[in-house]
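When a ligand or atom number is given, it counts from 1 through the structure's own listing order.
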Amino acid sequence: MTTNVSPPQRRKFLFTMLGGLGALIGAASAWPVFRFLSPIAADDSGDKVIVARGDVAGGKAHFFQYQGKPAVVLQPAPGEFVALSAVCTHLGCVVAWQEQANEFLCPCHGGRFSAVGQVLAGPPPAPLETLVVELDGDQLKIG
Ligand code: FES
C-alpha cells in the first residue's frame with residue numbers, strides 16, 4: 001500500500017514542522033533571559049539567617065552576612081541577643097567590635113557605637129540598623 005501525498009501537502013507539513021521547531025528553540029533561548037529579568041520572588045524562609053546560639057558567646061561578636069551585607073549578633077547580657085547591621089551609618093564602612101571597650105568602632109572616621117548600636121561619638125548620623133532576633137531552641141533566627 002502506498003500513499004500519495006502531493007508536493008504542496010509535503011511542503012505544508014515541512015513548514016509546519018519547521019515552524020514548531022523554531023518556536024521551541026525560540027522559547028528555550030528566551031527562558032534564561034526571562035528568568036534573569038524577572039524580579040526575585042519574596043520568600044519568608046530565605047529572609048532569615050540562622051546562627052547557632054553557641055556561636056554567640058557573652059561579650060563576643062559574631063559577624064555574618066545578612067542579605068549580602070555585613071551584620072553582627074552579640075550577647076550583651078546572658079540570654080539577651082542583639083543583632084545589628086555592621087555597616088556604619090556615616091559612609092558605609094564595616095564596624096569592628098572592641099571587646100575591651102564593649103563597643104563598635106568604625107575604622108574609617110572613628111565613629112563609635114554602643115553594643116546595641118547607639119552612636120557614642122564621631123560623625124555617624126544614626127544608630128546601626130537593628131535586626132530582629134528570635135531565639136528558637138539552640139538557634140537564633142535573625143531578620
Ligand atoms: Fe564610619 Fe565614617 S564611615 S565613621
*Hphob cluster co-occupancy, Leu84 + Phe63, side-chain heavy atoms under 4.5 angstrom*: yes

_Protein N, O or S atoms lying under 2.8 Å from atom 1 (Fe) of ligand 1, listed by chain and number_ = Cys88 SG, Cys106 SG

*Which class fits the ring pair His62 and Phe64: parallel under 30°, tilted 30 to 60°, perpendicular over 60°?*
parallel

*Looking at Trp97 and Ala115, what are the two nearest heavy atoms and their distance?*
CH2-CB, 3.8 Å

*asked:* So which atom in Leu120 and which in Glu103 form the shortest heavy-atom distance, rounded to 0.1 Å?
replied: CD1-OE1, 3.4 Å

*Verdict with reasoning, Ile142 to Phe81, per side chain to side chain contact (heavy atoms under 4.5 Å, CB included)*: CA-CA 10 Å; Ile142 302 169; Phe81 296 92; over 6 Å; no

*Going hydrophobic residue to hydrophobic residue with side-chain gaps under 4.5 angstrom, can you get from Phe113 over to Val87?*
no

